[in-house]
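What follows is a single structure, written as structure tokens, with notes after it.
Bear in mind the structure is a predicted one, so any value in this text is a computation, not a measurement. These values consider heavy atoms only, across backbone and side chains, with no hydrogens, waters or symmetry-generated copies.
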Amino acid sequence: MPEVRSTGGARIRYDDVGEGEPTLLFIPGWCTRRDVFASLVPLCSARHRVLCVDLRGHGESEPGEDDFDSGTVLEDLKAVVEASGAKQVVPVTVSHAGFWGLELRRELGAERVPQLVLLDWIVTEPPPPFLATLRGLMSERWGRTRDALFKEWTRGVEHEDVLRVIHEDMLEFSEEMWARAAREIAAAYAREGAPLRALAGLSPPTPTLHLYAQPDAHDYLETQVAFGVRHPWFHVMKLPAVSHLPSLEVPELVAAGIQALVSGRRTAVRTGDLPGLSPPR
């Protein structure tokens, strides 16, 4: 498995498979492993080179000796990109890893990061219950708060891989890591506000696709569709899935959306001309 030594000498490990530009950089969210992309990697690597990273202190990557923050993880990701020699990378991010995708675009520039793909992220202002959840993860109630999150993410879910990742893999992360995740996510929202606003601040604009399943709320979709009307470079698709991990639940649709964006078929992304998927109404 390829690896790089990043800040503090920690080994950051990743998969490097497939060929073809642009390279897709798969970034899991906090308290998950690169396994969340297990069904997506073979589909996307048939056409593109794929770098699939384990975050610092997650999966097979080392944590380093000291506490770390989002800035440290960003340096790790940049080290992976530079070590790979990729000329262009399209971050494909799960949940709040979207903040790292945003920062990679800012730091590497529009030429090297030509597009962004976001999976199941709160791209509007974070609702008060979510902020309360972050506070709960940083308190003595962290275990109950985490379990409530798991319940929300798996309501109505029967997909075995999704259930395994949430109820087994994510369960293994420590109180320290969950508190760190909550601390860094809260800080990112406090700094950036709504991710849509942050995306709108990129110059030049960056073609961006948001594929999501949760929350299943009409006003959430409506807000994004309206944003896309004002900013034609932004595309959103509500997936026919129910879990927080559409990359495992409906990988074929996620792969089709990614390909539509990176190939320049933006009409396909906007109109829903993807296999088995209808446009939002």
Side-chain angles (χ1 to χ4, degrees), residues 4 6 12 14 16 18-29 37 40 44-45 47-53 55 70-124 188-189 191-212 224-237 254-271:
V4 295
S6 190
I12 307 302
Y14 59 98
D16 184 348
E19 296 180 353
E21 292 285 346
T23 296
L24 305 179
L25 176 63
F26 286 5
I27 310 175
F37 296 114
L40 195 58
C44 292
S45 62
R47 296 190 181 189
H48 296 275
R49 185 184 184 188
V50 173
L51 306 175
C52 190
V53 182
L55 302 179
S70 291
T72 314
V73 175
L74 179 64
E75 292 304 312
D76 296 341
L77 295 170
K78 288 162 58 180
V80 168
V81 171
E82 296 307 326
S84 75
K87 296 178 181 178
Q88 289 186 316
V89 292
V90 175
V92 179
T93 65
V94 173
S95 191
H96 307 293
F99 286 117
W100 291 312
L102 181 67
E103 288 296 342
L104 285 170
R105 161 60 184 81
R106 286 170 173 162
E107 297 208 7
L108 299 182
E111 186 172 341
R112 292 199 68 191
V113 182
Q115 293 122 353
L116 294 169
V117 179
L118 316 172
L119 304 178
D120 231 71
W121 192 17
I122 300 175
V123 295
T124 57
Y189 277 111
R191 180 180 66 250
E192 302 284 358
L196 289 180
R197 183 190 312 149
L199 288 166
L202 296 176
S203 181
T206 300
T208 300
L209 172 63
H210 184 207
L211 298 167
Y212 78 99
Q224 295 178 78
V225 170
F227 181 84
V229 171
R230 298 191 303 274
H231 305 281
W233 46 264
F234 178 80
H235 316 284
V236 60
M237 278 292 168
V254 173
I258 293 171
Q259 183 58 29
L261 183 74
V262 300
S263 67
R265 292 189 293 114
R266 299 179 190 177
T267 301
V269 178
R270 186 176 300 143
T271 63

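- Side-chain contact check for Thr206 versus Trp233: every heavy-atom pair is 4.5 Å or farther apart.
- The two atoms that bring Leu102 and Ala198 nearest to each other are CD2-CB, 3.5 Å, heavy atoms only.
- Between Phe234 and Phe227, the two ring planes are perpendicular [angle over 60°; tilted spans 30° to 60°].
- For Ser84, the side chain to side chain contact (heavy atoms under 4.5 Å, CB included) partners two or more places apart in sequence, or in a different chain, are Arg49, Leu51, Ala86.
- Judged by distance alone, with hydrogens and angles left aside, the side-chain atoms of Gln88 form a donor-acceptor pair with the main-chain N or O of Glu111 at under 3.5 Å.
- In this structure, OG1 in Thr23 is found 8.0 Å from CG in Asp16, a value given to the nearest 0.5 Å.
- Atom OH of Tyr14 and atom CG of Leu77 lie 11.5 Å apart (nearest 0.5 Å).
- Contact record, Val262 with Pro22: CB-CG, 4.3 Å, taken as the closest heavy-atom pair.
- Residue Pro91 comes nearest to Gln115 through the heavy atom pair CD-O, 3.5 Å, listed as atom of the first residue, atom of the second, then distance.
- Across Leu119, Leu104, Val94, a single residue satisfies side-chain contact (heavy atoms from CB on, under 4.5 Å) together with Ile27, and that is Leu104.
- Here the closest heavy-atom approach between residue Phe37 and residue Pro28 is recorded as CE1-N, 3.6 Å.
- Separation of atoms OH (Tyr189) and CZ (Phe99) is listed at 4.5 Å; rounding is to 0.5 Å.
- Applying the salt bridge (charged side-chain N to carboxylate O under 4.0 Å, His left out) test to pairs two or more places apart or on separate chains, those with a residue in residues 70-89 are Arg56-Asp76, Glu75-Lys78, Lys78-Glu107, Glu82-Arg112.
- Atoms CG and OG, from Leu40 and Ser45 in turn, are 9.0 Å apart once rounded to the nearest 0.5 Å.
- A distance of 12.0 Å separates CG of Leu118 from NE2 of His96, quoted to the nearest 0.5 Å.
- Here the CG-CG distance, from Leu261 to Leu209, works out to 5.5 Å after rounding to the nearest 0.5 Å.
- Relative ring orientation between His210 and Tyr212 is described as parallel, the plane-to-plane angle staying below 30° on a 0-90° scale split at 30° and 60°.
- Closest approach of Trp100 and Ser70 over heavy atoms only: NE1-O, 3.2 Å.
- Nearest heavy-atom pair across Leu116 and Gly101 is CD2-O, 3.5 Å.
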- [ ] Any chance you could lay out the side-chain contact (heavy atoms from CB on, under 4.5 Å) test for Val236 and Val123, step after step, and finish with the verdict?
- [x] CA-CA 11 Å; Val236 60; Val123 295; over 6 Å; no

